[in-house]
Protein chains: 2
Amino acid sequence: MKRTGFARADCPVARALDAIGDWWSLLIVRDAFDGLRRFGDFQQNLGIAKGMLTARLRKLVELGVLEQVAASDGSAYQEYVLTKRGRALFPVVVSLRQWGEANLFARGEPHSVLVDAQGERVGQLVLPSKAGRPLNWSDTRVKKVGSRKR
Amino acid sequence: MKRTGFARADCPVARALDAIGDWWSLLIVRDAFDGLRRFGDFQQNLGIAKGMLTARLRKLVELGVLEQVAASDGSAYQEYVLTKRGRALFPVVVSLRQWGEANLFARGEPHSVLVDAQGERVGQLVLPSKAGRPLNWSDTRVKKVGSRKR
DNA sequence: CTGTCTAGTCCTATTTTAGGACCAGTTCGA
DNA sequence: TCGAACTGGTCCTAAAATAGGACTAGACAG
């Protein structure tokens with residue numbers, strides 16, 4: 001049957017997953033962060049079927065995550081680049097990366113790493129309180145819509 | 001056809017999506033962070049088909065994201081709770097939440113919010129450099145496996 | 001003991017996916 | 001300047017994933 005949609009959910013997590021939580025979208029975004037721009041680049045690098053890629057790119061453009069611009073090499077082709085909204089997905093990609101690094105590789109097994117401009121490995125993502133104190137999961141809770149609880 | 005797998009990819013993002021990037025897993029994890037523990041709680045709250053939920057819970061247990069424990073109310077039933085590995089998904093859920101809040105709700109449209117123990121809204125996730133300086137996407141790049149580039 | 005609740009299993013119709021054949025417009029090479 | 005190859009798609013098919021519901025064994029409550 002048709003996949004259940006969450007586009008009208010109260011929960012932002014559900015809406016986010018509805019938008020970009022499918023099997024390919026975040027990998028396309030990851031590759032876009034990596035500098036890939038052309039249809040053929042994505043297709044080759046991901047090994048995705050062309051029809052699937054067409055559909056995903058179209059949806060990401062519709063969502064405002066990617067936009068099509070004239071090719072930077074002066075040819076008549078188009079390129080796909082991240083918009084501001086797309087670049088805002090950076091923490092999502094990084095958090096997945098960090099969880100994957102820590103939990104899905106054997107000790108010593110090589111993987112790509114995220115480094116800063118100096119080539120130094122980056123630290124772990126931190127969730128700060130309003131006052132700037134680092135929080136972990138047990139310091140937080142979700143306040144539901146309409147909840148009067150303070 | 002069978003969905004393409006990324007379990008052996010070099011990229012931790014790809015492996016993470018292979019593990020938990022399907023349509024339901026992260027919503028189940030979100031609900032687990034929210035305190036849901038029983039099969040029926042997940043099933044009702046998500047509106048997911050029972051067969052789907054069974055399959056997803058089984059996979060999450062296999063992955064070590066959830067574990068089954070005896071019910072806390074003393075009944076003969078089992079409950080599903082997050083393991084350490086599952087709790088490590090906190091930044092993933094939070095990053096999706098923050099992106100969804102900022103990009104998928106109309107101005108003024110209500111949504112659930114993440115608050116700290118004092119009921120204060122939390123800040124934005126921050127990626128620090130090794131030295132603690134906040135980084136954004138343009139300050140970073142991915143060093144591929146086997147890459148000699150510094 | 002009997003009826004209801006819980007946590008499933010199993011089946012089916014429909015949708016989604018992967019993969020490949022095909023195609024029009026663009027660019028390259030001689 | 002022409003033909004070949006490349007780019008960025010479209011369209012088709014077989015197989016797999018999904019939603020939804022019928023059914024069930026064991027737990028529990030009265």
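- What separates CD of Gln44(A) from P of dG8(D) is a distance of 11 Å, to the nearest Å.
- One interatomic measurement links the two molecules: CE of Met52(B) to P of dC10(C), which rounds to 14 Å at whole-angstrom precision.
- Contact check, Thr54(A) against dT10(D): a side-chain N or O comes under 4.0 Å of OP1 or OP2.
- Close to dA18(C), at under 4.0 Å from its OP1 or OP2, lies a side-chain N or O of Trp24(A).
- Trp137(A) and Val126(B) end up in different hydrophobic clusters when Ile, Leu, Val, Met, Phe, Trp and Tyr side chains are linked at under 4.5 Å.
- A close approach under 4.0 Å does occur between a side-chain nitrogen or oxygen of Arg58(B) and OP1 or OP2 of dT9(C).
- Using a 4.0 Å heavy-atom distance criterion, Tyr80(B) is classed as a sugar-phosphate-only contact.
- Looking at which nucleotide of DNA chain C each of Gly74(A) and Asp22(A) is closest to, the 5′-most match is held by Asp22(A).
- We find that Arg133(A) and Glu120(B) are not joined by a salt bridge, their nearest charged nitrogen and carboxylate oxygen being 4.0 Å or further apart.
- Following rounding to the nearest Å, Arg37(B) (CZ) and dT6(C) (C1') show an atom-to-atom distance of 17 Å.
- Looking at Tyr77(A), its side chain has no donor and acceptor atom pair within 3.5 Å of the base of dG9(D).
- At the phosphate of dT6(C), neither OP1 nor OP2 sits under 4.0 Å from any side-chain N or O atom of Arg38(B).
- Separating the CG atom of Leu53(A) from the P atom of dT16(C) is a distance of 18 Å, rounded to the nearest angstrom.
- Along DNA chain C, the nucleotide closest to Met1(A) and the one closest to Ala49(A) are compared, and the more 5′ of them pairs with Met1(A).
- Remark: Ser75(A) is not in phosphate contact with dT26(C), judged by side-chain N or O atoms under 4.0 Å from OP1 or OP2.
- At whole-Å resolution of the value, NZ in Lys2(A) and C1' in dG21(D) are 20 Å apart.
- We find that CD1 of Ile48(B) is positioned 13 Å from C1' of dG8(C), with the value rounded to whole Å.
- Salt-bridge check for Asp34(B) with Lys144(A): passed, with a basic side-chain N closer than 4.0 Å to an acidic carboxylate O.
- Between the side chains of Ser112(A) and Arg97(A), at least one donor N or O sits under 3.5 Å from an acceptor N or O.
- The residue from Val93(A), Asp22(A), Leu26(A) that alone fulfils the side-chain contact (heavy atoms from CB on, under 4.5 Å) condition with Leu17(B) is Leu26(A).
- Per the geometry, CZ belonging to Phe39(A) stands 17 Å off P belonging to dG25(C), to the nearest Å.
- Rounded to whole Å, the distance from CG on Asp41(A) to P on dC6(D) is 15 Å.
- Neither OP1 nor OP2 of dA18(C) sits under 4.0 Å from any side-chain N or O of Arg3(B).
- Close to dA17(D), at under 4.0 Å from its OP1 or OP2, lies no side-chain N or O of Trp23(A).
- The nearest heavy atom of DNA chain D to Gly51(A) and to Lys50(B) marks one nucleotide each, and the one closer to the 5' end goes with Gly51(A).
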